[in-house]
Structures are given as structure tokens and as C-alpha cells.
2 protein chains.
Amino acid sequence: MSKLLHNYNNAEPQLIAVDCIVFGVEDNQLQLLIFKREVEPLAGEWSLLGSFVKPNEDVSAAAKRVLEELSDLKDIYMEQLHCYGNVDRDSGGRVISIAYWSLIRVNQTHEEFHAENHIAKWVPIDQIPKLVLDHGKMVEDAIEHLRERARFHPVGFELLPEEFTIPQLLKVYEAIFDHKIDDRNFRKKLLKSDLLIQLPKKDKTTSKKGSFLYKFNQETYERLLQSGYNFEF
Amino acid sequence: MSKLLHNYNNAEPQLIAVDCIVFGVEDNQLQLLIFKREVEPLAGEWSLLGSFVKPNEDVSAAAKRVLEELSDLKDIYMEQLHCYGNVDRDSGGRVISIAYWSLIRVNQTHEEFHAENHIAKWVPIDQIPKLVLDHGKMVEDAIEHLRERARFHPVGFELLPEEFTIPQLLKVYEAIFDHKIDDRNFRKKLLKSDLLIQLPKKDKTTSKKGSFLYKFNQETYERLLQSGYNFEF
DNA sequence: TCAAAAGTGTTATTACTACACCCATGT
DNA sequence: ACATGGGTGTAGTAATAACACTTTTGA
């Protein structure tokens, strides 16, 4: 039915790809997952991981497929970033790319990432090498978007295991916003917000005293969403 | 070069469209520009205005083309909203659509909108009729995005002529956020922010006393952007 | 006992909310 | 003179920012 609405007669089909920007936190730093082809051609070139969208596949499903082929992680936080559609963005021909970004809990399981014919590597976001095509621009946009989003949405929690300590969370937010955060004010605001549920156990891996484990309070969050809670610290 | 990176062999081209969500403020209400086909088939169905993306055309250029074909407005505020890519979103076949949203200064010139074979019409956003395909969902998303964006970016000014009064601006923000705003607090915050430059003249079209005309201070805005100025009222 | 990380309170400043009356002018 | 919309100030409350010491415990 929409053929005439859109004037199908003049339409020419084009190649559509997805590219995934994957963030994680390791060594108290915000890191990006990048890939280097091991085999010719393009051996040695760094890029994001992507794929063409199949004719019978939702665009978002293509992005999920790329991530799932990468590791066996489930329930990955993933969002569409932007459609990159300049004619000359891909030197190999006209390819429109829909970029997705995701957050991965690196510390939790420390799984291996394996992409066929690619070496996967985490790099701190201030040490990203030159990437192919417009992937550098995509990453730049994704970082900006992540920071913007983190101001009003609890993305910090997506980068940590389900049970985490306040010092861990603090370091995640320091990594995202790239500045030191006053830890007394951080605690005060968080604890007052009722966004954390304290668990009756401690994590002693990073200190002798040990620090309390918490989990995220989804109900409180949904309440705060309405009122525009500010996650900046 | 990217042919092998992306594995071009398995790739099949697909149809790509753009659809435009156009907002304006009229009668102190946030309004949406929608279109009804006058001729068969699909006569009487309301929709957004869209077009297919040409092979030698940037996606953003396609969106601009759609807007420019609509009226002779220049320098329209336009942003990409989202890529809608579900397989079955278009009942006429697989079409991936990139939605763009824009803000138009309606009051200023009150120009006519003319789309070939379509009747253009402004409708208040709480009275939008059923739209074809997933256009209703696009509009929903665009409204949410506009409100989100308006909290930290001066989108209110995009909906008014270059010279405007504080009462006008207040009404625009009331329309966007859909609630009454205290006018003393609104003025106080705006005037303190240095975002407005007062002009040595008054607009007397709406009152006998007349109210001062202002223009937007771009320099102040760019300074405030860094520090995360909050445009909520 | 000491090193290393966890945890705790107060004060000053700034932003936000609520609220009611006078002003200027054209008719 | 009066009706209409434009303009102004204050006080209470809430959020934010700056800042230094004590606690716990494994080695």
C-alpha cells in the first residue's frame, strides 16, 4: 500500500549495515571494544564490528546478532545511536550504516571476545587508534551520547555486576564523566535517593575492611524517572 | 576497501526512506504538520511527509529535500530522530525509514505549505488522527525526544521569530512541556542567565502597554552548554 | 602497628518554589 | 476610567559543593 505513498517508482535499493560501539569499564577506565582484522585484505586496520542487514531481518536484530556472535553475553544494554548516511562515508560504495552502542559488564565474568578473523581488544577511550571509515566519528558521537545519557539515566549500573559496592560505582561514574567525584557527596546523594538496596554482605577483594554490596533499586528508579532525577555528580 | 570488512558477498540492498516530523507553535499550542493524500489510492489517509533516499544523496540531504519541497523556508532546525527498521513496518514491502524532526517558526510568516497531491494541516499534538504505518509511533517518539531535548537545549527559541517577547517564549515552553509555568520565576531565571538580549523596542500587537522584544544570545548559550544549563521551568 | 581502603557530618552557597500587586496604555 | 496584558520582589526550602578525620582489618 505504501508504494504509491512513497512513490516507489523512483526508488532504488541500497546497502544497509549496522555497526556496534561497545563500552566497558576496566581498570577504572571507560574502554571501547575494537577489532583488528588478522587476515588480508585490511589486515592490521582497526574498526568497529558490523554487519550488513539482511532483507528479512529487523535492523535492531542485526545489531543484536553482531553482539551475540561476539560473545555469549545475554541481556546486553543496547541502544540505537544514529544513522550515518553520507554517500561517500564508505569508500567501497554507498552503504548506509545504523550505529548502535552498548554497555557491557566487563568485570563480572571477564569473558573472551572472539570475532571471526578479528582480534578483539579493549582500549581506554583516550587512547583509541585510528579507525576505518567514519568509525572514529561514530565513537566520538557515542561517547558524547553516553555522557549526555548518563546525566539522567542510571547507565552506570549497566557497567557493573548486579551486586556492586559504592566505591566501584563511584569509579564507573568517574570514568564516564572523566573527572574526580567527591565521594562523600556521591554517597550522600545516592543513599538519600533510595536507588541502592544494601545487601547483608561485604566485598573484601579490594580492601581489608571490606565494603558493603548493593543492588540497584528498579522501583525507585522508575519513580524518579518521572521527576527527572539528575545522575550527575 | 570495506567490501571485505563488511562481507559484501552476503549483502542485499534494500529500500531506504526518510520521514519528517515537523513541529510548530500556533495558538499557544504545540502543533504537528500532517498530510492527507487528495488522490487515490490512499486518499484520505493522514501521514508524515517522506521520500525515498536516492543512491547519490546523503540521507540528511533527502530529509532536507522533503522539507524544502514543502515550503521555501530556509535554515530549518532539523535533527535525526531514529531509524525505524523493522521488517514489517511498511505493509508495502521492506522499507527502512530514517525519521527526522524539525521545528518551524509558524507565527513569523504564516506561509502556506504545499505538498504535491497532499493537503497539509497543523494539528495540536493532543489531537493527532491515526497516521499510516508506524508514523504514529514516530510522532510519539519525536514528542518525547523534543521534551527531553528542550530540558537542556534552547529549542524554544527555534519556534519563534528572531525577535520575540518573554510572554511569547513562556507560551512556547508551556506548549512544549504541557504545563503552566510561573511567569515571575521564568523571567527571573532567563534574565539572570544572560541568554536574552533586550532590544530597544516593543511589540504592541498583544497588549496596549507592549512588551519588550528580545533576541537570543548565542554566545551565552555556547558558554552555558558546557556547564549543563537546565532549561526546565 | 601500620598501610590501605571504607565510611562519616557540617557549613556556605546557590538554585528553586510559591505567591500578589502595581504599571502603562489604548479605547 | 477601566480593562488588558506586562512587569516586578521576597522569603522559605531544597540541592549542591567544599572540606578532613576516624574505622576496620589483614599482613
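A note on names: the letters A, B, ... follow the listed sequences, proteins ahead of strands, and every chain is numbered from 1. Hydrogens, waters and symmetry mates play no part in the numbers below; they use all other heavy atoms, side chains included. On a predicted model such as this, the values are computed, not experimentally measured, just so you know.
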*Asks:* Would you say B:R187 places a side-chain N or O within less than 4.0 Å of OP1 or OP2 belonging to D:dG7?
*Replies:*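 For B:R187, the contact criterion (side-chain N or O under 4.0 Å from OP1 or OP2 of D:dG7) is met.
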
*Asks:* Once you round it to whole Å, what is the distance between P of C:dA5 and CG of A:L170?
*Replies:*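 After rounding, the reported distance stands at 14 Å.
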
*Asks:* For DNA chain C, whose closest nucleotide is more 5', that of A:T165 or that of B:D182?
*Replies:*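 The residue closer to the strand's 5' end, by nearest nucleotide, is A:T165.
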
*Asks:* Check every strand shown and say whether B:N230 touches a base, only sugar-phosphate, or nothing at a heavy-atom separation below 4.0 Å.
*Replies:*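 No contact.
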
*Asks:* How long is the line joining CG of B:L191 and C1' of D:dG9, in whole Å?
*Replies:* 13 Å

*Asks:* Is the phosphate of C:dC16, meaning OP1 or OP2, less than 4.0 Å from a side-chain N or O of B:K189?
*Replies:*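 Yes.
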
*Asks:* Within less than 4.0 Å of OP1 or OP2 of C:dG26, is there a side-chain N or O belonging to B:K204?
*Replies:* yes

*Asks:* Could you check whether B:E174 pairs with B:K180 (Lys NZ or Arg NE/NH1/NH2 to Asp/Glu carboxylate O, under 4.0 Å)?
*Replies:*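 Yes.
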
*Asks:* Nearest of C:dG7, D:dG5, C:dC19 to any side-chain atom of B:K209?
*Replies:* D:dG5

*Asks:* A:K180 has an atom NZ; how far is it from atom P of D:dA18, in whole Å?
*Replies:*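 Computing the A:K180:NZ to D:dA18:P distance gives 14 Å.
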
*Asks:* Per the atom types in the model, does the base of C:dA6 pair as donor or acceptor with the side chain of A:D183 at under 3.5 Å?
*Replies:*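 Between C:dA6 and A:D183, which were checked side chain against base, a qualifying N/O pair under 3.5 Å is absent.
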
*Asks:* Okay, side chain of A:N86, backbone of A:R89: is any donor-acceptor separation there less than 3.5 Å?
*Replies:*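 A pair under 3.5 Å: no.
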
*Asks:* Mark yes or no for a side-chain to base donor-acceptor pair under 3.5 Å between B:K188 and C:dT17, with no hydrogen or angle criteria applied.
*Replies:*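 When only heavy-atom distances are counted, B:K188 does reach the base of C:dT17 through a donor-acceptor pair under 3.5 Å.
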
*Asks:* Taking atom P of C:dT25 as reference, at what distance in whole Å does atom CG of B:D203 sit?
*Replies:*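 Going from B:D203 (CG) to C:dT25 (P), I get 15 Å.
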
*Asks:* Okay, side chain of A:S97, backbone of A:V18: is any donor-acceptor separation there less than 3.5 Å?
*Replies:*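 Not confirmed, A:S97 side chain does not pair with A:V18 backbone.
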
*Asks:* Check if the side chain of A:K208 and the base of D:dT24 share a donor-acceptor pair of N or O atoms closer than 3.5 Å.
*Replies:*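 In this structure, the two groups form no donor-acceptor pair.
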
*Asks:* Given the ring of A:Y229, does A:R151 sit roughly above its face, with NZ or CZ under 6.0 Å from the centre of the six-membered ring and within 45° of the axis?
*Replies:*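 Because its charged atom misses either the 6.0 Å distance or the 45° angle limit, A:R151 does not stack over A:Y229.
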
*Asks:* Taking the nucleotide of DNA chain C with the nearest heavy atom to each, does B:K192 or A:R184 sit closer to the 5' end?
*Replies:* A:R184

